[in-house]
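Beneath this line is the structure, given in structure tokens, with notes to follow.
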Amino acid sequence: MIKSLVKSFTAVIMLMSVALFANATPVDTYQFKSVDNQKRALELAHSLRCPQCQNQNLIDSNSPVAQDLRLEVYQMVDEGKADNEIVEFMTSRYGEFVLYKPRMEAKTYVLWLGPFALLLFGGVIGFFFIRKQRIAEANNQDLTTEDQQELDRLLKRDAK
């Protein structure tokens with residue numbers, strides 16, 4: 001009986017250790033030429049979006065596409081290419097989607113100016129709505145003397 005418990009316990013421990021290794025994420029082992037290149041490459045990879053994961057940058061993503069792009073960014077940095085050259089290469093290959101901050105261009109005006117336009121539109125509608133209500137309230141409060149006498153007469157009648 002003790003032998004079967006030990007075997008069961010060993011099997012559970014082995015399964016749990018396999019599960020731990022299955023959740024492990026791969027680590028990039030790229031050797032940079034300098035620490036400055038490493039910092040630059042990591043900053044660039046943080047600023048570029050994974051085309052497959054859609055809402056993760058190249059560093060956070062574990063997809064094969066992100067791993068390939070990270071390696072490509074690392075190699076381009078070590079080759080001495082400028083940041084804007086690397087970003088231009090990535091956008092020419094994968095489109096503006098890979099940028100977390102889209103550029104201010106004619107095709108992205110809606111992205112940049114849309115929220116402000118909607119806020120302005122809502123403010124204008126709110127202004128006219130409040131103005132209309134205030135005008136209606138002002139018109140309702142102005143009673144002629146005849147209306148006031150009629151109101152007083154009706155209120156006295158109801159009070160009796």
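A quick note: this is a predicted structure, and the numbers were derived from the prediction, not measured. Along the sequence shown, the residues carry numbers beginning at 1.
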Sidechain-backbone polar pair: [X] side chain, [Y] backbone, donor-acceptor under 3.5 Å:
X: Gln133; Y: Ile130; result: no
X: Arg70; Y: Leu58; result: yes
X: Thr91; Y: Val87; result: yes
X: Asn37; Y: Phe32; result: no

- Query: Passes side-chain contact (heavy atoms from CB on, under 4.5 Å), Val73 versus Ile86? Steps please.
  - Reply: CA-CA 7 Å; Val73 167; Ile86 297 170; 4.3 Å; yes
Nearest-0.5 Å distance, [atom1] of residue [X] to [atom2] of residue [Y]:
X: Met90; Y: Glu85; atom1: CE; atom2: CD; answer: 12.5 Å
X: Asp60; Y: Cys50; atom1: CG; atom2: SG; answer: 10.0 Å
X: Lys81; Y: Gln75; atom1: NZ; atom2: CD; answer: 10.5 Å
X: Arg49; Y: Ser61; atom1: CZ; atom2: OG; answer: 12.0 Å
X: Lys156; Y: Leu151; atom1: NZ; atom2: CG; answer: 11.0 Å
X: Ile59; Y: Leu44; atom1: CD1; atom2: CG; answer: 10.0 Å

- Establish whether Leu120 and Trp112 are linked, either directly or via other cluster members, by ILVMFWY side-chain heavy-atom contacts under 4.5 Å.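 Not linked; separate clusters.
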Is there a chain of hydrophobic side chains (I, L, V, M, F, W, Y, each step under 4.5 Å between heavy atoms) that links Val124 to Phe121?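 No; Phe121 is not reachable from Val124 via cluster members.
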Considering non-hydrogen atoms only, spot the tightest contact between [X] and [Y] and give its length.
X: Ala45; Y: Asn57; value: O-CB, 3.7 Å
X: Gln67; Y: Asn62; value: NE2-O, 3.6 Å
X: Gln52; Y: Ser63; value: OE1-CB, 3.2 Å

Requested in this report: Decide yes or no on side-chain contact (heavy atoms from CB on, under 4.5 Å) for Tyr74 and Leu42, but give the supporting numbers first.
Outcome: CA-CA 8 Å; Tyr74 297 166; Leu42 291 176; 3.6 Å; yes
Fill in: Glu88 with Arg93: basic N within carboxylate O range, under 4.0 Å
no
query = In terms of side-chain geometry, is the basic nitrogen of Glu150 or Arg153 positioned less than 4.0 Å from the acidic oxygen of its partner?
reply = yes
- Under 4.5 Å between any side-chain heavy atoms of Phe89 and Glu72, yes or no? yes
Discussion item. Are the side chains of Leu48 and Leu69 in contact, using a 4.5 Å heavy-atom criterion?
Written reply: no
